[in-house]
K.L.:
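Have a look at the structure that comes next, please.
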2 protein chains.
Amino acid sequence: MSGNRVTMADVARRAGVSPTTASFALSGRTDMRISEAARSKVLAAAAELGYRPNATARSLRTKSSQTLGFVSDTITTTPFAGEVIRGALGAARAKDHLLFITETGGDRAVESGLVNGLLDRQVDAVIYAAMYTHYVSPPPELHGRRVLLLNCLAPGFDAPSVIPDEIEAGRTAGRALLAAGHTAGIWAIGGHQAIPATPDGVFAGLERMRGLQEVLREAGARLDGVVESDWNAEDGYREVSRLLAEGHRPRALVCSTDRVSFGAYQALAEAGLSVPQDVSVVSFDDQDIAGWLKPALTTVALPHHELGRKAVELILGDGPLRAETHRVPMPLRERDSIGPARPTG
Amino acid sequence: MSGNRVTMADVARRAGVSPTTASFALSGRTDMRISEAARSKVLAAAAELGYRPNATARSLRTKSSQTLGFVSDTITTTPFAGEVIRGALGAARAKDHLLFITETGGDRAVESGLVNGLLDRQVDAVIYAAMYTHYVSPPPELHGRRVLLLNCLAPGFDAPSVIPDEIEAGRTAGRALLAAGHTAGIWAIGGHQAIPATPDGVFAGLERMRGLQEVLREAGARLDGVVESDWNAEDGYREVSRLLAEGHRPRALVCSTDRVSFGAYQALAEAGLSVPQDVSVVSFDDQDIAGWLKPALTTVALPHHELGRKAVELILGDGPLRAETHRVPMPLRERDSIGPARPTG
DNA sequence: GATCTCCGCTAAATCGGATTAGCAAGTGCC
DNA sequence: GGCACTTGCTAATCCGATTTAGCGGAGATC
């Protein structure tokens, strides 16, 4: 890309010192004695010439590139992506690192190729991310490397994980309902796990359900039922419609995602039921639509931004990485879809 | 990041040749004579050792890093982002390039810092992207560099632009309505330009309106009115509600974005009007919700993926870049929100 | 037989920094 | 004055490739 950059040799020449001296002066290292006079001459020369070190040359020597690799299966798709990357980008910038973003599409061969590409370019560390919270096994190229798992767990792989605290999220949803007095007529839509559409080992659903049921049990309440459903609007609509058609009259719905909630809203509206007067709805994710719905949806937010931020901060921290699991809290976004419970008729 | 890599010197030693010979054999260059015997010895040694060239060292010498920089103001936010990046990633991978993704947040100082960071790392080219189609002025660091403008135009800046063909999109929306027989009672919501919330110089709205009006005029039809509205669900709801409250009875709505359409749906439902029986709706963007709405929304799609792909392909093509504007077609996604026109009552 | 030309390959320089080894001048101490 | 030490700086290497310059030997030419 064009341009004859100013090199350190240019700076040294202008300052009338050796490249060695220029190097030490510019890096600010104190273990080599440089007089104040020489240092300021070098700094002045560098400033006048608009000198910027060549990161490539530096990397070659130091084996560090001030660069991170972000490897994920799919970067767009639903809840994830954008905000995670933003969080990561922000944290990386704060430490003067740049991010290589890659996408494997779930293909192992592609994955290997990309990881090798990152390693060839001397990335300092790799964030291995999944768009659905599930179990993974990172490629062999990554073994022994500085790696952090984002939104996934890899048993037996020696690396820390950062995942959303889904269990606590389930509890949060349960408590939100209990706080409004709901103890009966509670149904979970899209319950234990995401079915065909999502990859194996997805555990977000399971954990949410576990937390939810735990908190209800402690309060002496329980779920009237769990309706399995894929995690999208279409299926949410279909399953809730079916539930209503079967004659059930839920008082509260715990939907596995905002998309399912969206479908649920449509089904309830069609049945002439209003939210939250007739049915309260609490959900998970906090996608954009949560705020657009009428009434706005109360939902437990996936901490996208925070996940990305934390991943980078951990991996850029110094010292060795311990293989622990960091659970990031999922905050409740209280909006208008939970109403007070009415005495059951 | 740990690991003692195999170097070319290792390969040469094992093959019993000089590093020079190894280099030529591996790069497959033919302008230097290497016997078939030597070449295969080197290739075999490289394979046995699992040799991978150090991209950093290579970049230092060749000034090219097989790397691109992607600079954008905001990477998340609404329509854009995810798919654009995916498109870019795919095209980059096809040419063995990796992508640095950065986000400036619209801050010039941050922007300069990031661009310099990219340049320091020897990126081969930079894609300067905006999330809203508007006019920009790239930072001075980018002048004279290999740059491509994505989703924006920069008058006076010598670089090609890739933008969605908004004018044609407006025509497409108009034709979709005309095809269903609509020639009267057509209103545009969120018309000429995005007001306060979006940055200056956004021209997507203007161009869409121009194309729309042109096509209506040619067919002897015209807009009953243009309602200005911010490009979000909340404002779409408010403006359409107001329109209806003022006694207007539109037969078709052209909404500036799917979010506005979403709000329009809510307002229409509240007024007891059904889509598309009472009111047809055509929109722009093709966000996820377009497919979730009932009835599903007919909308002119922003070609995100294609924009990203094309940007990378152009910038990775060889030869100098010409400062022309490439307009990417916006395809119509026909769904269920346009119904046949009824005779006006 | 001497000179030329190819061939096939290697030595050495280069890219732009970081780092190690070491040198000359100045200071302190006895 | 002599020796040890410190100070401040520089020469030389190294990182791992790419690339230029050039060297012996074989065959061709006259």
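Reminder, nothing fancy here: chain letters follow the sequence lines and each chain counts from 1. What you see is a predicted model; the values in this text were computed from it and never measured.
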K.L.:
Among the candidates D:dG8, C:dG16, D:dC15, find the nucleotide nearest to the side-chain atoms of B:L60.
P.N.:
C:dG16

K.L.:
Among D:dA12, C:dG17, C:dC9, find the nucleotide with the atom closest to the side chain of A:P53.
P.N.:
C:dG17

K.L.:
Kindly say whether, by distance alone, the side chain of A:R61 makes a donor-acceptor pair under 3.5 Å with the base of D:dC14?
P.N.:
yes

K.L.:
Select base, sugar-phosphate, or nothing to describe what A:T20 touches, counting heavy atoms under 4.0 Å on all strands.
P.N.:
base

K.L.:
Quick one: label A:R39 by what it contacts on the DNA or RNA (base, sugar-phosphate, nothing), any heavy atom closer than 4.0 Å.
P.N.:
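No contact.
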
K.L.:
What's the closest nucleotide to the A:S23 side chain, out of D:dT7, D:dT10, C:dT19?
P.N.:
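When the side chain of A:S23 is considered, C:dT19 is the closest of D:dT7, D:dT10, C:dT19.
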
K.L.:
Which part of the nucleic acid does B:T62 contact within heavy-atom distance under 4.0 Å: base, sugar-phosphate only, or nothing?
P.N.:
sugar-phosphate

K.L.:
May I have the distance from B:M8 (atom CE) to C:dA11 (atom P), rounded to whole angstrom?
P.N.:
13 Å

K.L.:
Provide, to the nearest angstrom, the distance between the CG atom belonging to B:D31 and the P atom belonging to C:dC7.
P.N.:
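Result: 14 Å.
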
K.L.:
Describe the nucleic acid contact of B:A38 in one word from base, sugar-phosphate, nothing, applying a heavy-atom distance below 4.0 Å.
P.N.:
sugar-phosphate

K.L.:
Measuring from the side chain of B:K63 (C-beta onward, heavy atoms only), which nucleotide among C:dA21, C:dC15, D:dA11 has the closest atom?
P.N.:
C:dC15

K.L.:
With heavy atoms under 4.0 Å as the rule, sort A:R58 into base, sugar-phosphate or nothing.
P.N.:
sugar-phosphate

K.L.:
Taking only the side-chain heavy atoms of A:S18 (C-beta and beyond), determine which of D:dA11, C:dT19, C:dG16 contains the nearest atom.
P.N.:
D:dA11

K.L.:
Using only modelled atom types and a 3.5 angstrom limit, is any donor from either the side chain of A:S27 or the base of C:dA18 paired with an acceptor on the other?
P.N.:
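Check fails, no donor-acceptor contact within cut-off.
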
K.L.:
Verify the contact: side-chain N or O of B:T21 to OP1 or OP2 of C:dG8, cut-off strictly under 4.0 Å; return yes or no.
P.N.:
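No, B:T21 has no side-chain N/O under 4.0 Å of OP1/OP2 on C:dG8.
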
